[in-house]
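All residue numbers refer to positions in the sequence shown, counting from 1. In listed order, ligands and their atoms are each counted from 1.
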Amino acid sequence: MENNAPEYTGLSCPLPLPHGEQIVLGHGSGGQLSHDLINRLFLPAFANPALLAGDDAAALALPGGRVAVSTDSHVVTPLFFPGGDIGRLAVCGTVNDVAMLGGSPRYLTAGFILEEGLEVEILRRVIASMQAAAIEAGVQLVAGDTKVVQRGKADGLYINTTGIGLIPPGVTISGMCAQPGDVVLLSGSLGEHGIAVLAARGELGLETTVCSDIAPLNRLVAAMLAAVGVTAAGYPEALPTFPIHVLRDPTRGGLATSLNEIARQSNIGIQLYEEKIPVRPEVAAACELLGFDPLYIANEGKLLAIVAPQEAEAILLAMRNLPEGQGAVAVGQVLSSPPGRVLLKTTLGSTRVVPSLAGELLPRIC
Ligand code: MG
């Protein structure tokens, strides 16, 4: 490979990629090859003043107040699957975790672990997908890192992302804040991400049309906050206690595991109603075939909210106004007992305990 690549000078002139080019150990050396890779692939996708400054860290201007920070490593296999890829996942996964605190995501960092021999074209496609997702979510990638490991020491590529967002004044959302009487809301149907990734592996002979639901949820959260009175200045002190108590994206372990975590954090019980929980027929069919329960399958574009009952209807209406929340429904309620437990009232009328996921149901789905 040539070492005389010119400096990146603007979005309009990314350098062409030689056909069939592969990642070599030198791309992670910190020397000229690393420099070339960054100039050809990363800077054209993510150019912004903080990144282009080219320093060891990004200098960011943040107003005063609380900041939400989250980090997540992404190891999904395969790298591409119906509805998404590891790049979209790496942006949305972290954006969504920041949003689950009521934070408005602003900045991302990304660390890439590349395997020697990876096709550079695959990396380019992943970066293009990250760029599109970052634009969709309104975040800037302000710092990054690339390392290369020997052939066989990684599976193509892994991506770690860290996100930073601003929490409006007066907004307090935490898994510890659920209260008896609260309503449990769900933004849409369950299980699409896990089933889509599993089908893409082709291991189980599963043929399905299910696409992953991966999506940034920060716009949905912003609409929910606005529905209860949060403005650019935050949540007015004159209003009652902040009514959105908990937000969570039910990713690994699914809805059941997320609700168990919240039940323990808040020391309350949660009652779910099976008939209210939306599951698409093709997901239900795949789960039945494989012996899975949709309550435990990962989602990447859904959130659950635990809210004060008097605001539940207004929040639901705001959610349904957006495509990412159009399937929003109330699926349960918070009880004072049994503390730390989730109960499901089944369609047959019986009640059973829904435990957390034990062990790993589907490895490497995110
Ligand atoms: Mg999460």
Next item on the list: Go through the side-chain N and O atoms of Y273 and Q333 and say whether any donor and acceptor fall under 3.5 Å apart.
Entry: yes
Notebook entry, point to check: Which protein N, O or S atoms sit under 2.8 Å from the Mg ion (ligand 1)?
Noted result: D97 OD1, D249 OD1
Item checked: Stepwise salt bridge (charged side-chain N to carboxylate O under 4.0 Å, His left out) check, R352 with D293 -> CA-CA 14 Å; R352 67 176 173 89; D293 182 340; 3.6 Å; yes
Notebook entry, point to check: With a 4.0 Å cut-off, would you call E136 and R88 a salt bridge?
Noted result: yes
Next item on the list: Calculate, to the nearest 0.5 Å, the distance between atoms CD1 and CG belonging to I244 and D182 respectively.
Entry: 11.5 Å
Notebook entry, point to check: Could you go step by step and tell me if D85 and S129 meet the side chain to side chain donor-acceptor pair (under 3.5 Å) rule?
Noted result: CA-CA 8 Å; D85 58 84; S129 176; 2.6 Å; yes
Notebook entry, point to check: Got a sec, which pairs hit salt bridge (Lys or Arg N to Asp or Glu O under 4.0 Å) with one end in residues 295-316, sequence neighbours left out?
Noted result: E192-K302, D213-K302
